[in-house]
Amino acid sequence: MTRRYESGGSAVGDSNHGTPWVPILLRSATAAAFGILTVFWQSPGVGVLSVAGGLYLLLTAVSVWRMAVLAGTDGEQRIRSLQLLEAAAYALAGIAVLALRSVEGFLVAAGLALVVGGAVELYLWTTSRKTFLPARDWLITGVVSLGTAVILLAVQLMDLGAHAMLGVTGGSAIIIAVMLATSGLGARWDARSQGSQSRPSPAVRQKP
């Protein structure tokens, strides 16, 4: 049976396992770590771009896969299938970036993954945001992903190098991290609030 998420509420369970805030905050933490690295690393070269960028793409794939599992558990098979496609794109891109270790390899692999991921998330935001709570976030993540892919291409055409590519990708990661942290922490708070409301008070539990 499909669980419906009203646009003003959240989907929560009796425990933390499998609730929407887990993959949301996982993706937020991944993006934040990558974004902070790009800010404080003074002179990153191709090696940093490849290793940090490849790991960022792989960990993003894990968080998207976790969300796909959640969607499948709730009977949202269309969302599950598209999110698995997105996760596969990020995973393959991460492997390719780690293996190729070049600016051109990062541009092609990461750019294609961002296009696929952005397109999937925009489509799911359009079709599923009223029935699946996490999809409400995907307008921003989708637009940021597609915009990043376009800017990466411009960076390559202007021959600005690995440092600029890392800066562009890191900047987009920070935007995603902040937005998803707000959403994920809100969902976590809702989960705790509803969980506390569902438990009887000590006065109710006492026998007369």
- Are Leu92 and Leu107 grouped together when hydrophobic residues (ILVMFWY) are joined by side-chain heavy atoms under 4.5 angstrom apart? no
- Query: Are Leu160 and Leu152 joined in one hydrophobic group, where the rule is that I, L, V, M, F, W and Y side chains link up if heavy atoms are under 4.5 Å apart?
  - Reply: yes
- Report the C-alpha separation of Tyr90 and Leu59 in whole Å, then their side-chain angles, then the decisive distance to 0.1 Å, and conclude whether the side chain to side chain contact (heavy atoms under 4.5 Å, CB included) test is met. CA-CA 9 Å; Tyr90 279 120; Leu59 291 174; over 6 Å; no
- Arg78: side chain to side chain donor-acceptor pair (under 3.5 Å) partners, not counting sequence neighbours: Thr127, Ser128
- Message: Quick check: closest heavy atoms across Ser50 and Arg101, and the distance to 0.1 Å?
- Response: OG-CA, 3.1 Å
- Please round to the nearest 0.5 Å and tell me the distance separating atom CD of Gln156 and atom CD1 of Ile151. 14.5 Å
- Message: Is there a continuous path of hydrophobic side-chain contacts, each under 4.5 Å between heavy atoms, that joins Met158 to Val103?
- Response: yes
- Indicate yes or no: at least one non-hydrogen side-chain atom of Lys130 is less than 4.5 angstrom from one of Arg136. no
- Message: I need the minimum non-hydrogen distance between Ala61 and Ala91, along with the two atoms involved.
- Response: CB-N, 3.5 Å
- Message: Go through it in stages, so that I can follow the logic: the residues are Ile174 and Val39, the test is side chain to side chain contact (heavy atoms under 4.5 Å, CB included), and I'd like the CA-CA distance, side-chain angles, deciding distance and then a yes or no.
- Response: CA-CA 10 Å; Ile174 290 173; Val39 170; 3.8 Å; yes
- The complete set of ring-ring contact (aromatic ring centres under 6.0 Å, His included) pairs with one or both residues in residues 33-63, sequence neighbours excluded, reads Phe34-Tyr56
- Can you find a pair of side-chain heavy atoms, one from Gln83 and one from Leu70, that are under 4.5 Å apart? no
- Report the hydrophobic cluster partners of Val108, with the cluster defined as I, L, V, M, F, W, Y residues connected by side-chain heavy atoms closer than 4.5 angstrom, directly or transitively. Leu112
- To the nearest 0.5 Å, tell me how far Leu114 CG sits from Thr169 OG1. 7.0 Å
- Task: State yes or no: do Leu57 and Val168 share one hydrophobic cluster built from I, L, V, M, F, W and Y residues joined by side-chain heavy-atom distances below 4.5 Å, directly or via other members?
- Result: yes
- Message: How close do Ser63 and Pro23 get, counting heavy atoms only, and between which atoms?
- Response: O-CB, 3.7 Å
- Task: Could you pull out all residues at least two apart from Thr141 that satisfy side chain to side chain contact (heavy atoms under 4.5 Å, CB included)?
- Result: Arg27, Glu121, Trp138, Ile176, Met179, Leu180
- Message: Can you give me the closest heavy-atom contact between Gly105 and Val97, atom names plus distance?
- Response: O-CG2, 4.3 Å
- Give me the other members of the hydrophobic cluster that Leu100 sits in, counting Ile, Leu, Val, Met, Phe, Trp and Tyr linked by side-chain heavy atoms under 4.5 Å, directly or via other members. none
- Leu37, CG atom: more than 12 neighbouring heavy atoms under 6.0 Å: yes
- Residues in salt bridge (charged side-chain N to carboxylate O under 4.0 Å, His left out) contact with Glu86, at least two apart in sequence or another chain: none
- Message: Taking ring-ring contact (aromatic ring centres under 6.0 Å, His included) as the cut-off, I'd like each qualifying pair that reaches into residues 160-183, sequence neighbours left out, listed once.
- Response: none
- Note on the structure: Smallest heavy-atom separation, Leu58 atom then Gly94 atom, equals CG-CA, 4.0 Å
- Do the side chains of Val46 and Phe106 get nearer than 4.5 Å, heavy atoms only? no
- Any link between Val62 and Val22 through a network of hydrophobic side chains (Ile, Leu, Val, Met, Phe, Trp, Tyr) touching at under 4.5 Å? no
- Note on the structure: Hits for side chain to side chain contact (heavy atoms under 4.5 Å, CB included) against Ala119, two or more places apart or cross-chain, chain-then-number order -> none
- With sequence neighbours left out, what residues match Val115 under side chain to side chain contact (heavy atoms under 4.5 Å, CB included)? Leu146, Ala149
- Sorted by first residue and then second, give each salt bridge (charged side-chain N to carboxylate O under 4.0 Å, His left out) pair with at least one member in residues 46-57; sequence neighbours left out. none
- Look at the side chain of Thr38 and the backbone N and O of Gly35, then say whether any donor-acceptor pair between them is shorter than 3.5 Å. yes
- Residues two or more places apart in sequence or in another chain: which of them pass side chain to side chain donor-acceptor pair (under 3.5 Å) with Ser172? Thr148
- Looking at side-chain heavy atoms only, is the closest gap between Leu84 and Val64 below 4.5 Å? no
- Note on the structure: To the nearest 0.5 Å, atom CG of Asp137 lies from atom CD1 of Ile140 at 7.5 Å
- Task: For the residue pair Ser28 and Ile24, establish whether any side-chain heavy-atom pair is separated by less than 4.5 Å.
- Result: no
- Quick one: side chain to side chain contact (heavy atoms under 4.5 Å, CB included) partners of Val69, sequence neighbours excluded? Trp65, Thr73
- Search all heavy atoms of Ala93 against all heavy atoms of Ala109 and return the closest pair with its distance. CB-O, 3.3 Å
